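Keep in mind the model is a prediction, meaning the values are calculated, not measured. Computed from heavy atoms alone, side chains included, the values below leave out hydrogens, waters and symmetry copies.
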Amino acid sequence: QVQLVESGGGVVQAGGSLRLSCAASGFIFSSNNINWYRQAPGKQRDVVASITFGDSTAGDSTAYADSVKGRFTISRANAKNMVYLQMNSLKPEDTAVYYCNTRLRGMDYWGKGTLVTVSS
């Protein structure tokens, strides 16, 4: 059973910070890419950040949407089956439900999401 559980959302003022967590189980966590998506009401669900296994011995590599580059940082702790999204300098337009995602054998798996609200 693949399971992803997000936590860490809340209400924060513009310019503030939050750290989201995703707890994973039911698959070989260290071998899988993990993604953070977000979706505002009435909007499309878009990828925010990804962490992947890098080539050679470099280990994980990361990628970010242009809208969050320089402000958000994705990381993982494989021994804990956890992935994190550190969000700094938050803006009202960052308000959304944030989802943890992974893909296994052609199938996408999602957490239930955690709500982030950034006030002006």
Side-chain angles (χ1 to χ4, degrees):
Q1 179 182 326
V2 175
Q3 188 173 41
L4 301 168
V5 181
E6 304 94 338
S7 62
V11 180
V12 64
Q13 293 190 69
S17 298
L18 285 174
R19 189 178 78 160
L20 306 183
S21 299
C22 174
S25 61
F27 61 98
I28 304 174
F29 178 81
S30 61
S31 298
N32 259 54
N33 299 344
I34 306 294
N35 312 293
W36 284 100
Y37 283 72
R38 69 184 182 187
Q39 186 172 27
K43 302 291 186 179
Q44 181 176 312
R45 186 177 299 186
D46 293 322
V47 66
V48 174
S50 300
I51 187 161
T52 65
F53 182 80
D55 293 331
S56 67
T57 59
D60 299 331
S61 61
T62 59
Y64 301 92
D66 288 343
S67 58
V68 306
K69 283 182 179 177
R71 300 189 297 119
F72 290 11
T73 302
I74 188 171
S75 62
R76 66 195 299 167
N78 290 338
K80 300 178 180 179
N81 280 15
M82 297 286 289
V83 63
Y84 307 99
L85 185 68
Q86 178 67 45
M87 306 185 297
N88 298 325
S89 302
L90 284 162
K91 305 174 180 180
E93 52 262 44
D94 295 319
T95 296
V97 177
Y98 285 72
Y99 297 91
C100 186
N101 160 268
T102 195
R103 188 176 180 90
L104 287 168
R105 302 183 67 83
M107 181 175 294
D108 282 304
Y109 293 87
W110 302 89
K112 295 185 182 298
T114 186
L115 177 63
V116 172
T117 302
V118 184
S119 62
S120 300

**Request:** Scan for salt bridge (charged side-chain N to carboxylate O under 4.0 Å, His left out) pairs involving residues 98-107, sequence neighbours excluded, and state none if there are none.
**Result:** R103-D108

Mind listing the side-chain donor-acceptor pairs of residues 10-25 below 3.5 Å, one per line with the distance, residues two or more places apart or on another chain?
| from | atom 1 | to | atom 2 | distance (Å) |
| --- | --- | --- | --- | --- |
| S17 | OG | N88 | OD1 | 2.9 |

**Asked** Which hydrophobic side chains are connected to V5, either touching it within the sub-4.5 Å cutoff or through other members that do?
**Response** none

**Request:** Sorted by first residue and then second, give each salt bridge (charged side-chain N to carboxylate O under 4.0 Å, His left out) pair with at least one member in residues 21-43; sequence neighbours left out.
**Result:** R38-D94

Cut-off 3.5 Å, no hydrogens considered: what does the side-chain donor-acceptor table look like for residues 110-120, sequence neighbours left out?
| from | atom 1 | to | atom 2 | distance (Å) |
| --- | --- | --- | --- | --- |
| T114 | OG1 | G9 | N | 3.0 |

**Item:** Side chains of L104 and M107 in contact at under 4.5 Å (non-hydrogen atoms)
**Value:** no

**Fill in**
Heavy atoms of G26 and V2 approach each other most closely as O-CG2, 3.8 Å

**Message:** Could you check whether any side-chain N or O of Q86 sits under 3.5 Å from a backbone N or O of T73, counting only pairs where one atom can act as donor and the other as acceptor?
**Reply:** no

**Residue pairs fulfilling ring-ring contact (aromatic ring centres under 6.0 Å, His included) with at least one residue in residues 66-106, sequence neighbours excluded** = none

**Message:** Please tell me whether I51 and L4 are part of a single hydrophobic cluster in this structure, the criterion being side-chain heavy atoms less than 4.5 Å apart.
**Reply:** yes

**Prompt:** Sequence neighbours excluded, which residues qualify as side chain to side chain donor-acceptor pair (under 3.5 Å) partners of T102?
**Reply:** N32

**Prompt:** So which heavy atom on L85 is nearest to which on A49, and how close?
**Reply:** CD1-CB, 3.9 Å

**Fill in**
Closest non-hydrogen contact found for K69 with Y64 is CE-O, 3.3 Å

**Asked** Among all residues two or more places apart in sequence or in another chain, which pass the side chain to side chain contact (heavy atoms under 4.5 Å, CB included) test with N35?
**Response** Y37, V47, S50, N101

**Asked** Is V68 linked to V83 within one hydrophobic cluster, defined over Ile, Leu, Val, Met, Phe, Trp and Tyr using a side-chain heavy-atom separation of less than 4.5 Å?
**Response** yes

**Message:** Are M82 and V48 connected into the same hydrophobic cluster when the rule is that any two of I, L, V, M, F, W, Y join if their side-chain heavy atoms are below 4.5 Å apart?
**Reply:** no

**Prompt:** For Q3, which residues count as a side chain to side chain donor-acceptor pair (under 3.5 Å) partner, sequence neighbours excluded?
**Reply:** none

**Fill in**
With sequence neighbours left out, the residues meeting side chain to side chain contact (heavy atoms under 4.5 Å, CB included) with A63 are none

**Request:** Would you please name every residue forming a salt bridge (charged side-chain N to carboxylate O under 4.0 Å, His left out) with R45, sequence neighbours left out?
**Result:** none

